[in-house]
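Reading through the structure tokens given below for one structure.
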Number of protein chains: 2
Amino acid sequence: MLAIGEFSRLTHLSIRTLRRYHEGGLLEPELVDASSGYRYYSPDQIPAAQVIHRLRELDVPLVDVRRILGAADPEQRAALVAEHLVRLEAELARTRVAVSSLRRLLAPEPAPLQVELRAEPEVTVAAVEDEVGADDVGTWFAGAMAELDAALGPPTDAGPPGGLYDNSLFEHGHGRLLLYRPSPEPPQRGRVRPVRLPAVELAVTTHHGEHDGADVTYGQLGSWVVANALTVAGPVRERYLVGPRDTDDSAAWRTEIGWPVFRVASGTPR
Amino acid sequence: MLAIGEFSRLTHLSIRTLRRYHEGGLLEPELVDASSGYRYYSPDQIPAAQVIHRLRELDVPLVDVRRILGAADPEQRAALVAEHLVRLEAELARTRVAVSSLRRLLAPEPAPLQVELRAEPEVTVAAVEDEVGADDVGTWFAGAMAELDAALGPPTDAGPPGGLYDNSLFEHGHGRLLLYRPSPEPPQRGRVRPVRLPAVELAVTTHHGEHDGADVTYGQLGSWVVANALTVAGPVRERYLVGPRDTDDSAAWRTEIGWPVFRVASGTPR
DNA sequence: TCTGGACTCTCCCCCGGGGGGAGACACCAG
DNA sequence: CTGGTGTCTCCCCCCGGGGGAGAGTCCAGA
């Protein structure tokens, strides 16, 4: 039986942290003296404490740590851990993109932007639509795209897929997302259903590369729109001209970004 | 002039976050209406907002973001960013170690531990000693080792370097650290000074590999000590038999860990 | 010019995962 | 028995975000 201080020395977890783990049901002392409240640990609990330590070093949330420790058989546990390692991998990719994008931002001269005004006609498409949190966009997107592909089969010449992004997604961290593929006769299957996209005027530009870096292009497009005195309204549209479905070379990816505008009153623009 | 909502849509930073950045002096709106308190941004501020966004994605603390943005010339700014990228790299290395160590922890059978009881005589060494926070141990260690080497010259046959770690380092996150190199006539130079290390009884084992994984070995050693009914007292000792100064192959590194014990009363152990 | 809806303001509370410190009690060796 | 050290609980603070209330502002349409 070890008092909390000894156990702390053995595991290199601070006393405070051990207490917190107790409260959180993560690591229950083998014995808690009913009268004094003193926590007593067994040496057998050292490995568990160290697993927790490692998982926390990997930023695994305490709730997930609890699930991992509570997993019945070792295989299940390994699966849960593997899941987190996958997440870690994704995090890493995100970091890489952020770094390169940061370099681009800090580079002295930003490449000038090609912006085009385009009248987008009303069109009926096969679409999946949901209310999604900003953190879940990636996951949702992958699932929705898979479902669209399952419903429509391999890519046709009807055109590339696209998406509509509710503004509140950016302003409040969650909002409606709609992912579509053009289709002459959209089926109804699972979450996929026919949706009529309204006609809009768009200020359109093309983003090159990883989608995670698109916000920079958004900013450039946005300031173009502001500078060119057009008013903004409605969800942003994207169209995936070339994406991970087409090639693994992310430098070749092309995303069209369409910012809804009202055409300036006086005559035809351009 | 853009209201906060528009600016939020342009930068993909939430309204709340923009307000927070204003409060924190990170991103001052170009104009704040004195009577209404409304914040108005200029499109020219979009790039700055996006730099902040990227830095935050890289978990750069807001204070540091402020410093980076406040940096006078671009070179200084680039240097500050580079500094953070280095930190990111270190983080990455830490993650790698944690992952492999986690695998080892979850592996079914832990390798049995060779533990030896050893009477360490009093010895005078050249040492650097400081009160250090747990997060700064790595940095401190590198600096102290460099200073020792500067004072004593290249490695001699007087023996490998070692360290003493105050227990409160583990219990409370900060404590006294002492790094030494054996030396027949310890010099006094900079932070380096002669120190008399008291004699101790140690339970000793050897940790193989990255030092970041040593806590697992600590736990094993500790539970050996507990099981073998010896009492614990005083700072832990380490001795760096093979380390990064000797070879780049971290698998070959050897750290001796000595846990202070009182020899059991009844006769000589072993 | 008024009105209603959308926008924005400030303020307070919450989250997670830690830390600091006060004041009271428990343990244990001399 | 006594004093020092260990441990308890409790409250506050940190960071960088989010939720929501309640009040004030802006602006387009009638």
Side-chain angles (χ1 to χ4, degrees), chain A residues 1-9 12-27 29 31-41 52-53 55-66 133-136 167-175 231-234 262 265, chain B residues 1-9 12-27 29 31-41 52-53 55-66 133-136 167-175 231-234 262 265:
Chain A
M1 283 296 99
L2 305 161
I4 198 168
E6 287 174 280
F7 196 69
S8 158
R9 268 162 275 167
H12 294 184
L13 287 164
S14 83
I15 293 179
R16 305 191 89 96
T17 299
L18 285 172
R19 285 205 268 255
R20 216 174 297 268
Y21 290 172
H22 177 199
E23 284 170 37
L26 267 174
L27 187 65
L31 173 79
V32 178
D33 186 303
S35 67
S36 71
Y38 273 36
R39 297 167 177 86
Y40 294 98
Y41 296 83
I52 299 178
H53 197 169
L55 291 172
R56 284 301 305 142
E57 266 186 314
L58 298 175
D59 286 322
V60 176
L62 288 186
V63 265
D64 297 359
V65 172
R66 182 161 36 223
D135 293 341
D136 308 324
N167 279 320
S168 83
L169 181 69
F170 309 121
E171 291 171 47
H172 304 113
H174 49 81
T231 316
V232 182
F262 287 140
Chain B
M1 283 294 101
L2 305 161
I4 197 169
E6 286 174 281
F7 196 69
S8 158
R9 269 167 297 207
H12 293 185
L13 286 165
S14 84
I15 292 179
R16 305 191 88 94
T17 299
L18 285 172
R19 284 205 269 253
R20 216 175 296 270
Y21 290 172
H22 177 199
E23 284 171 38
L26 267 173
L27 188 66
L31 173 77
V32 179
D33 185 305
S35 68
S36 71
Y38 274 36
R39 296 167 176 86
Y40 294 98
Y41 296 83
I52 299 178
H53 197 171
L55 291 172
R56 285 299 307 139
E57 266 186 315
L58 298 174
D59 285 323
V60 176
L62 288 187
V63 266
D64 297 359
V65 173
R66 182 164 33 223
D135 293 340
D136 308 324
N167 279 319
S168 82
L169 181 68
F170 309 121
E171 292 171 45
H172 304 113
H174 49 81
T231 315
V232 182
F262 287 139

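Just the heavy atoms: all of them, side chains too, but no hydrogens, waters or symmetry mates, feed the values below. We name chains A, B, ... by the order of the sequence lines, and we start the count at 1 in each one.
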Is any side-chain heavy atom of [X] less than 4.5 Å from a side-chain heavy atom of [Y]?
| X | Y | value |
| --- | --- | --- |
| Val32(A) | His22(A) | yes |
| Phe7(A) | Leu13(A) | no |
| Leu62(B) | Arg56(B) | yes |

Sugar-phosphate atoms are those with a prime plus P, OP1 and OP2; base atoms are the rest. Using that split, label each nucleotide of nucleotides 2-9 of chain C B, S or - for protein heavy atoms under 4.0 Å, 5' to 3'.
-----BSB
Counterpart residues, ring-ring contact (aromatic ring centres under 6.0 Å, His included), relative to His53(A) (two or more places apart):
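ring-ring contact (aromatic ring centres under 6.0 Å, His included) list for His53(A), sorted by chain: empty.
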Residues that His174(B) engages under ring-ring contact (aromatic ring centres under 6.0 Å, His included), provided they are two or more places apart:
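Per chain and number, His174(B) pairs via ring-ring contact (aromatic ring centres under 6.0 Å, His included) with no residue.
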Assign Arg56(A) to base, sugar-phosphate, or nothing according to its heavy-atom contacts below 4.0 angstrom with the strands shown.
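Since only primed, P, OP1 and OP2 atoms lie under 4.0 Å of Arg56(A), the category is sugar-phosphate.
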Could you check whether His22(A) gets within reach of a base, just the sugar-phosphate, or nothing at all, counting any heavy atom under 4.0 Å?
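Nothing, no nucleic acid heavy atom in range.
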Quick check on dG18(C): is either OP1 or OP2 less than 4.0 Å from any side-chain nitrogen or oxygen of Ser14(A)?
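Checking dG18(C) against Ser14(A), no side-chain N or O comes under 4.0 Å of OP1 or OP2.
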Quick check on dA26(C): is either OP1 or OP2 less than 4.0 Å from any side-chain nitrogen or oxygen of Ser35(A)?
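For Ser35(A), the contact criterion (side-chain N or O under 4.0 Å from OP1 or OP2 of dA26(C)) is not met.
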Go nucleotide by nucleotide along DNA chain C from the 5' end; which of Arg16(B) and His172(B) gets its closest nucleotide reached first?
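Counting from the 5' end, the first nearest nucleotide belongs to Arg16(B).
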Asp33(A): what forms a side chain to side chain contact (heavy atoms under 4.5 Å, CB included) with it, not counting sequence neighbours?
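Only Ser35(A), Ser36(A), Tyr38(A), Tyr40(A) meet the side chain to side chain contact (heavy atoms under 4.5 Å, CB included) criterion with Asp33(A).
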From Ser8(A) atom OG to Arg19(A) atom CZ, the distance as rounded to the nearest 0.5 Å
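Result: 10.0 Å between the selected atoms.
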Using the side chain to side chain donor-acceptor pair (under 3.5 Å) criterion, which residues pair with Ser14(A)? Sequence neighbours excluded.
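Checked Ser14(A) against side chain to side chain donor-acceptor pair (under 3.5 Å); matches are Thr17(A).
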Identify the 5'-most and 3'-most nucleotides of DNA chain D with at least one atom closer than 4.0 Å to a non-hydrogen atom of chain A.
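Counting from the 5' end, contacts occupy dG6(D) to dG19(D).
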